[in-house]
Every structure is written in C-alpha cells, then in structure tokens.
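Inspection log for the structure reproduced underneath, given as structure tokens.
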There are 2 protein chains.
Amino acid sequence: MTARKENSTYTLNEKFITDCDLTYAANKIGGRWKIVILDKLGDRKLRFSELKKEFPYISERMLTLQLRALEQDELVKRTVYAAVPPRVEYELTSIALEFLPIFCQLSAWGKKNKALKKSRS
Amino acid sequence: MTARKENSTYTLNEKFITDCDLTYAANKIGGRWKIVILDKLGDRKLRFSELKKEFPYISERMLTLQLRALEQDELVKRTVYAAVPPRVEYELTSIALEFLPIFCQLSAWGKKNKALKKSRS
DNA sequence: TATGGTACAAACAAATTTGTAAGTAATGAC
DNA sequence: GTCATTACTTACAAATTTGTTTGTACCATA
C-alpha cells in the first residue's frame, strides 16, 4: 500500500486505540465524510453521482476515497452495472445497518445540544 | 485564535457538515482521543496525571489540547485545587453523560465486528 | 468526426492533526 | 540552594487528511 509508517508513538497510540472496542468502532466511521455517507445510504441505494449531489462541495476524489475505504471495511457494497454510460450503486452491508440506530441517537444528541447552545447565544 | 481559514470548499464543507445534527455530534467526539477520554471519565473524575497513565503514549500536549477542547465544548468540567503541587480534576458534564449509552453501543458494535473479522482470519 | 455523460485515477498542494523536546511556576523536602 | 512534583506551555516538526486540477475509458448520439 502507501509506505507504511514505522514504530513511532503515533503508531503505538494507533494500535492502543484500535485495540479498544469503542475506538475500533469509532475509527470505522471517523473523518469528515464517512458518517454522512453511511447515513445517506441508510435510506436507500445510491449511485456515485447521486451521492455527490448530496454533498455540494465534496470533491470526486474524496467521495471515491471514502467509498473505497468503506468498501474495504465491509460497510458498503459496490455493484457495477456493465452499461454505457457506466452505472455503479452503493448500498450498506448488514454490519453497517447496525450503525443506524446509533446514528439516530447521535443525531438526537446533536439536535438537542445544538439548540441549547443557540439559546445561550 | 489561530489564523482563520478563508472561504474554501474545505470551510464550506465544514459548515455543511456541522449544520447536520448527526455530524455536529460526531465532530464533538471526533479525532483520536476525545472518545476515549470521555469514556474514561465516565467511570469517575480523574486528575491530569491519572488520565495520562491511562494512555501510555499520549503526549502531555495532546492530552492538554483535547481536554481544553472538551472543556470549550462543555463536555468536561475542569476544577483546579490551589495546592502545591497543583491538583486538577476533570469530570464529565451532564451533556457528556448523555453520550455514555451511545459509547456502549459503539463498543458493542466494535466487540462483535472485531470478532467477526478475526474469525474470517 | 466531434461531443457528452459517468465514474473514476493520478499528480500535486494545502490544511489540519498529532507528536517531540524542552522549559515554566510554585513550593516543600532534603 | 538544589531537587522533585504536577500540570501545564511553547516552538518546532512529522504525519495524515482533505482538496485542486487534469485526464481517462467507455460508447452513444449529433
């Protein structure tokens, strides 16, 4: 892959952190995009171009990278239809579905506490 | 603060993403350390040095930065006891407590799916 | 023959996150 | 007066993440 990192504390910390069940899970959905992508795919299958429309400013590169990573982690299934123009669909796997209720709760937390913050202007 | 970023897509994406309740919440606990710190503090108050011991390779700088950020977001309360040597305690706020059940579920997901992954060697 | 749409890939660059190393203040113990 | 302790701070550097730009393959249609 891409020139593995050596045995720094960066890596030691990474290992330490992904040994833990909690952060193992958190890392799967970490970063700027993964959670929202999974959340969108929670409603229905989406094509690459449909996903792109959901996020007005995402670059195609970012979207591709994130989808590839999610595919690697078996959270997303990619299906290519051999048509012209090409057609590719993304959908959640069963283990990704298990995240959805958690996203709901996070969302509820966000809604509630964002409102609180505003009310204290 | 530290030289604000301009009006790039990076920033536009950031805004877009923190407008969403789900990612608003996710961002509060994003990054390498915040979740684990909050999780540890879920058990009991901890001093700076106690937290440091929990994470063998974390740098003091990182720990300080994360704690400050959590304090800013009102997820952690910091209490200084005017003693010598100094004594500072960190504890969760009420809104942070609401994250704990979510962490439990994430942890359960992690436990389950880490095991699955291993069993497929 | 030229153009257009889809789903990318590659080379490059900027921004952010994380880590390293050293130093500080206060004060009591030796 | 030197040392140790705690909870940091500062200046710097490395690593990772995110974004920009340009280009590709495929074939249909004009």
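Throughout, protein chains are lettered first and strands after them, A, B, ... in sequence-line order, and every chain is numbered starting at 1.
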Checklist entry - Counting only side-chain N and O atoms of A:R87, is one of them less than 4.0 Å from OP1 or OP2 of C:dA7? => result no

Checklist outcome for this item: Taken to the nearest whole Å, CG/B:N27 to C1'/D:dT17 is 14 Å

Item to check | B:Y90 OH to D:dT6 P, straight-line distance once rounded to whole Å | outcome: 14 Å

Checklist entry - In terms of side-chain heavy atoms of B:P86, which of D:dA7, C:dA7, D:dA15 is nearest? => result D:dA7

Item to check | Exercise: identify the closest heavy-atom pair between A:T93 and A:K77 | outcome: CG2-N, 4.0 Å

Item to check | Test side chain to side chain contact (heavy atoms under 4.5 Å, CB included) applied to A:E89 and A:K45, A:R78, A:R44, the passing residue | outcome: A:K45

Checklist entry - Looking at the side chain of B:R47, which of D:dT6, C:dA7, D:dA15 is the nearest nucleotide? => result D:dT6

Next on the checklist: Can you measure B:K52 atom NZ to C:dT20 atom C1' for me and round it to whole angstrom units?
Outcome noted: 12 Å

Item to check | Under 4.0 angstrom between B:R32 side-chain N/O and C:dT17 OP1 or OP2 | outcome: no

Checklist entry - Using 4.0 Å as the upper bound for N to carboxylate O, is an ion pair formed by B:E50 and B:K40? => result no

Checklist outcome for this item: Within residues 55-68 of chain A, those residues having any heavy atom closer than 4.0 Å to DNA chain C are A:E60, A:R61, A:T64, A:R68

Next on the checklist: Measuring to OP1 and OP2 of D:dT20, would you say a side-chain N or O of B:T9 lies under 4.0 angstrom away?
Outcome noted: yes

Next on the checklist: Rounded to whole Å, please give me the gap between CZ in A:F16 and P in C:dT18.
Outcome noted: 16 Å

Item to check | Spacing between A:L46 atom CG and C:dT6 atom P, to the nearest angstrom | outcome: 15 Å

Checklist entry - Within the structure, does a side-chain N or O atom of A:N13 lie under 4.0 Å from either OP1 or OP2 of C:dT18? => result no

Checklist outcome for this item: Among C:dG19, D:dG19, C:dA7, the one nearest any side-chain atom of A:W33 is D:dG19

Item to check | B:F48 side chain near B:L67 side chain, heavy-atom distance below 4.5 Å | outcome: yes

Checklist entry - Could you state the CD1-P distance from B:I37 to C:dT18, rounded to the nearest angstrom? => result 10 Å

Checklist entry - Between A:F48 (CZ) and C:dT6 (P), how many Å, whole number? => result 11 Å

Item to check | Within 6.0 angstrom of A:K111 NZ, more than 12 heavy atoms from elsewhere | outcome: no

Checklist entry - Hey, what do you get for CG (B:L106) to CG (A:L106), rounding to the nearest 0.5 Å? => result 7.0 Å

Checklist outcome for this item: On DNA chain C, more 5' by nearest nucleotide between A:R78 and B:G30 is A:R78

Checklist entry - So what does A:Y81 hit on the nucleic acid, given a heavy-atom distance under 4.0 Å: a base, only sugar-phosphate, or nothing? => result nothing

Item to check | Nearest-angstrom distance from the residue atom CG of A:L51 to P of C:dA7 | outcome: 10 Å

Next on the checklist: Looking at every heavy atom in both B:L75 and B:I95, which two are closest together, and how far apart are they?
Outcome noted: CD2-CG1, 3.8 Å

